[in-house]
Amino acid sequence: MRCFRPPTNKAASKAAAGEEKRQAKQSQQVSRDDRAAVEAGAQQDSKYQLSRIMRPDDANIVGNVHGGIILKMIEEAGCIVGTRHCNTQTGDRCLAALVRVEKTEFLSPMFIGEVAHVTAEITYTSKHSLEVQVKVLAENILTGTKKLANKAALWYVPCSLKNVNKVMDVPPIKYASEVQEQQGRKRYEAQKLERLETKARTEKVLPPPLNPGDPPKEKHTVGFSQSSLIHLVGPSDCTLHSYVHGGVTMKLMDEVAGIVAFRHCNTNIVTASVDAINFHRKIDKGCVVTVTGRLTYVSKRSMEIEVLVDASSLVEADQYRAVSAFFTFISLDKDNKPLPVPPLMIDGEEEQRRSKEGEARYLQSKAKRLADREPQPE
């Protein structure tokens, strides 16, 4: 029978040293693999797509999908890709919070039965924010044809799940070229400046809506079509931080803007575009939000509607401006062809000022559309 003889002290020390060296080498390899996986994951998580078929409750009575439904899907895709990207690094877990939506174009209508394919991609990151570009394709599943329905750009900041007021750092992305990074930086600086200017313009809270007993306003005036919606924020409206999803707010804003446009035209109306949406302050669960829309400018075939969201707490005397934006609607006939819009009757210096500002935005947007259609030199 063979007996086991333990190793000598010298042999044991040599074996231990060899094991430590092997473990250290393995640890370095794992660390390199982890870093590579994080970087690869960050690049992989910079793009996301969601798809959903449009149902009857997503559309108006003639089958056009509500712009608010599309805006909500756009925000959901942006939130997912932004949150995934920001959690590829170590530290507090975080959630991407929407702070701004750039001008959103509704390029073609979407109908019941079509499938919306929403693709979101991170195109720029600063130290504490990220830009997400979103495209929406509408697919006719009977024929397989697809059309570009919407384009949008959104800005998010990552908020810690431990402390909602703590903004986390954003992992950088890799750019295809230096020019791409410079263009992103210009967009970042421009939106940052405009957010500050817009907040300064909209601090005054709107007066409460008119009482039903007040005398009726004359048709095609600002007061006749002005509308408000009051909504109590519940758990289903909120994020993990217990504040309202940006997509929920945008859907409410589109609904109010649609009511304003319908009251002015009394025809089928659809969202044509949304100017920059600025989220000035968060809206907490349990707050009461008042979403108010009013006409500011009317051209021959479009209406600009200013939509303001004011929030107030049920337990504290705190009322504030939370969100602001301009929506543009058009009027359609039964064949979805544009109809002329009744002119807006202006009353008073304040309405005159808002109308001139709206006209300037309309002309600027029109000039940009024409410039985009011109062929670019090779």
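Sequence positions, counted from 1, serve as the residue numbers for this chain.
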>> Within the 3.5 Å criterion, strictly below it, is a donor on E139 or H117 matched to an acceptor on the partner's side chain?
In response: yes
>> What I want to check is whether the side chains of E105 and S273 have a donor and an acceptor closer together than 3.5 Å.
In response: no
> Does the pair K192 and E194 meet the rule for a salt bridge (charged side-chain N to carboxylate O under 4.0 Å, His left out), with working shown?
Replying inline: CA-CA 6 Å; K192 187 177 179 181; E194 189 173 337; over 6 Å; no
>> I need the single residue from I283, V233, L314 that forms a side-chain contact (heavy atoms from CB on, under 4.5 Å) with V288. Which is it?
In response: L314
Any ion pair linking [Y] and [X] (charged N to carboxylate O, less than 4.0 Å)?
X	Y	answer
R100	E102	yes
D237	K251	no
E189	R185	no

> Can you name the side chain to side chain contact (heavy atoms under 4.5 Å, CB included) partners of V99, sequence neighbours left out?
Replying inline: W155, V157, R195
> Checking R361 against Y297: charged group under 6.0 Å from the ring centre and within 45 degrees of the axis?
Replying inline: no
Donor-acceptor contacts under 3.5 Å from residues 56-63 side chains, at least two apart:
unit_1	atom_1	unit_2	atom_2	d
D57	OD1	R55	NE	3.4
D58	OD2	R52	NH1	3.0
D58	OD2	R55	N	2.8
N60	OD1	V62	N	3.1
N60	OD1	G63	N	3.1
N60	OD1	N64	N	3.0
N60	ND2	N268	OD1	3.1

> Can you name the ring pair (Phe, Tyr, Trp, His ring centres under 6.0 Å) partners of Y243, sequence neighbours left out?
Replying inline: H241
> Can you tell if the side chain of C238 reaches within under 4.5 Å of the side chain of H245, non-hydrogen atoms only?
Replying inline: no
